[in-house]
Amino acid sequence: MASENRSMDTHSSHGQRIVAAAAERNKEPILEVFKKFLRNQSPAAAAEAKTILEIASGTGQHAAYFSQSFPDLTWQPTEATVESFGSITAWAEGLSNIAQPPLLLDASSPTDQWPVAPESCVAVVCVNMTHISPWEATQGLLAGSGRVLGSGGQLFIYGPFFVDGKPTTESNAAFDRSLRAHNSSWGLRDVADVDACAAKAGLVRNEMLFMPANNFTLIYSKN
């Protein structure tokens, strides 16, 4: 996963800040999900952990946008390579609750190699990674989340998915074909397969929310 640029999106640059068009489009709908569900975290989870761990932070736009709505929590960005660290750092400028520097974290690496303490996070967030990385990255995301989340902590996964083995729209079917043509290890994951991996990590899905542009947000909690 670390050796290949995952992005299939359109980018532009503003100084060191890289702007991904998809992040601009989806940041507000995703924030509304966080506002509705993240603040309903269990008191036990809130008392024991104050960090939101973002897996595959990309440009850093999401960290900058989301963190401002949760000033009492620390947002920890990560990426699988250092290539986007400059952009992440630039977006974090002036935002005291974004931890710096970003952490080097490949989701597909063994969980004991994650540079995050066990049960130190109130939430894990992953946006648009599962379909543009090998299946092992999704497996690692779930296993690692089970390790770093405190009791009652939440995992939010955003992106396109298959449901019951089928694409939800023809455009998603075409998107899946294009991804697999680009890289045979990429492609839309089935929600049932993600749920099964989550269960092995001690996570249970509480929500599957329909999002704009044929995406979903899957929300899991740690038992």
Side-chain angles (χ1 to χ4, degrees), residues 1-27 30-31 34 51-68 70 73-118 120-149 155-160 179 182-183 185-186 189 215 217-218:
M1 175 180 162
S3 62
E4 181 170 0
N5 183 354
R6 296 189 320 272
S7 178
M8 298 284 284
D9 192 20
T10 302
H11 294 75
S12 59
S13 296
H14 299 267
Q16 280 197 299
R17 294 182 176 183
I18 299 172
V19 179
E24 286 300 300
R25 292 192 300 268
N26 63 34
K27 66 183 184 182
I30 296 173
L31 178 61
F34 292 158
T51 298
I52 298 176
L53 178 68
E54 184 183 19
I55 303 299
S57 297
T59 64
Q61 287 163 263
H62 282 154
Y65 191 70
F66 300 151
S67 63
Q68 295 178 69
F70 302 97
L73 297 173
T74 298
W75 196 279
Q76 176 63 69
T78 75
E79 252 302 340
T81 72
V82 301
E83 294 172 4
S84 61
F85 276 19
S87 180
I88 294 171
T89 300
W91 277 104
E93 186 175 352
L95 299 172
S96 61
N97 65 322
I98 298 182
Q100 290 294 311
L103 297 179
L104 189 64
L105 194 161
D106 185 333
S108 63
S109 62
T111 58
D112 60 2
Q113 294 181 15
W114 282 33
V116 183
S120 62
C121 300
V122 69
V124 176
V125 171
C126 184
V127 176
N128 279 340
M129 182 201 79
T130 60
H131 58 293
I132 50 175
S133 58
W135 171 238
E136 289 78 11
T138 299
Q139 292 175 306
L141 167 66
L142 294 158
S145 295
R147 178 177 179 271
V148 303
L149 286 172
L155 167 62
F156 295 80
I157 307 177
Y158 171 93
L179 290 171
H182 179 80
N183 185 318
S185 70
W186 292 7
R189 311 306 175 190
N215 291 297
T217 296
L218 309 181

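Arg189 contributes no side-chain N or O that, together with a main-chain N or O of Thr138, makes up a donor-acceptor pair within less than 3.5 Å. For the pair Thr59 (side chain) and Val19 (backbone), a donor-acceptor distance under 3.5 Å is absent. Not a single donor-acceptor pair under 3.5 Å links the side chain of Glu79 to the backbone N or O of Pro102.
Every residue was checked against the ring pair (Phe, Tyr, Trp, His ring centres under 6.0 Å) condition with Tyr158, not counting sequence neighbours, and none meets it. Under the side chain to side chain contact (heavy atoms under 4.5 Å, CB included) criterion, Gln68 pairs with Leu95, sequence neighbours left out. Judged as a ring pair (Phe, Tyr, Trp, His ring centres under 6.0 Å), and not counting sequence neighbours, Tyr65 has no contacts. A search for side chain to side chain contact (heavy atoms under 4.5 Å, CB included) contacts involving Ala90 returns Gln16, Arg17, not counting sequence neighbours.
Using a 4.5 Å heavy-atom cutoff, the side chains of Pro160 and Asn128 are in contact. You'll find the side chain of Leu53 reaches within 4.5 Å of the side chain of Trp114, heavy atoms only. Under the 4.5 Å side-chain criterion, counting only non-hydrogen atoms from C-beta, Gln76 is not in contact with Val116. Put simply, the side chain of Ser84 does not reach to within 4.5 Å of the side chain of Ile18, judged on heavy atoms. With contacts defined as side-chain heavy-atom distances shorter than 4.5 Å, the pair His62/Glu54 qualifies. Side-chain contact between Thr51 and Val148 is absent, with no heavy-atom pair separated by less than 4.5 Å.
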Next on the checklist: Would Phe66 and Ile98 count as a side chain to side chain contact (heavy atoms under 4.5 Å, CB included) here? Give the steps.
Outcome noted: CA-CA 10 Å; Phe66 300 151; Ile98 298 182; over 6 Å; no
Next on the checklist: Determine whether Leu155 and Leu141 satisfy the following criterion, side chain to side chain contact (heavy atoms under 4.5 Å, CB included), listing intermediate values before the conclusion.
Outcome noted: CA-CA 9 Å; Leu155 167 62; Leu141 167 66; 4.2 Å; yes
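The minimum heavy-atom distance between Ser67 and Ala63, with the atom names listed, is OG-O, 2.7 Å. Considering all non-hydrogen atoms of both residues, Ile88 and Ser57 come closest at CD1-CB, 4.0 Å. Pairing each heavy atom of Phe156 with each of Ala123, the nearest pair is CE1-CB, 4.4 Å. Across Pro115 and Leu103, no two heavy atoms sit closer than the pair O-CD1, 3.7 Å. Between Ser109 and Asp106, the shortest heavy-atom distance links the atoms OG-O, 2.6 Å.
Between the OG atom in Ser108 and the CD atom in Gln113 there is a gap of 10.0 Å [rounded to 0.5 Å]. To the nearest 0.5 angstrom, Ser185 atom OG is 11.5 Å from Ile132 atom CD1.
The list of side chain to side chain donor-acceptor pair (under 3.5 Å) pairs with a residue in residues 85-99, not counting sequence neighbours, reads Thr89-Gln100. Annotation: ring pair (Phe, Tyr, Trp, His ring centres under 6.0 Å) contacts involving residues 124-143, sequence neighbours excluded, comprise His131-Phe175.
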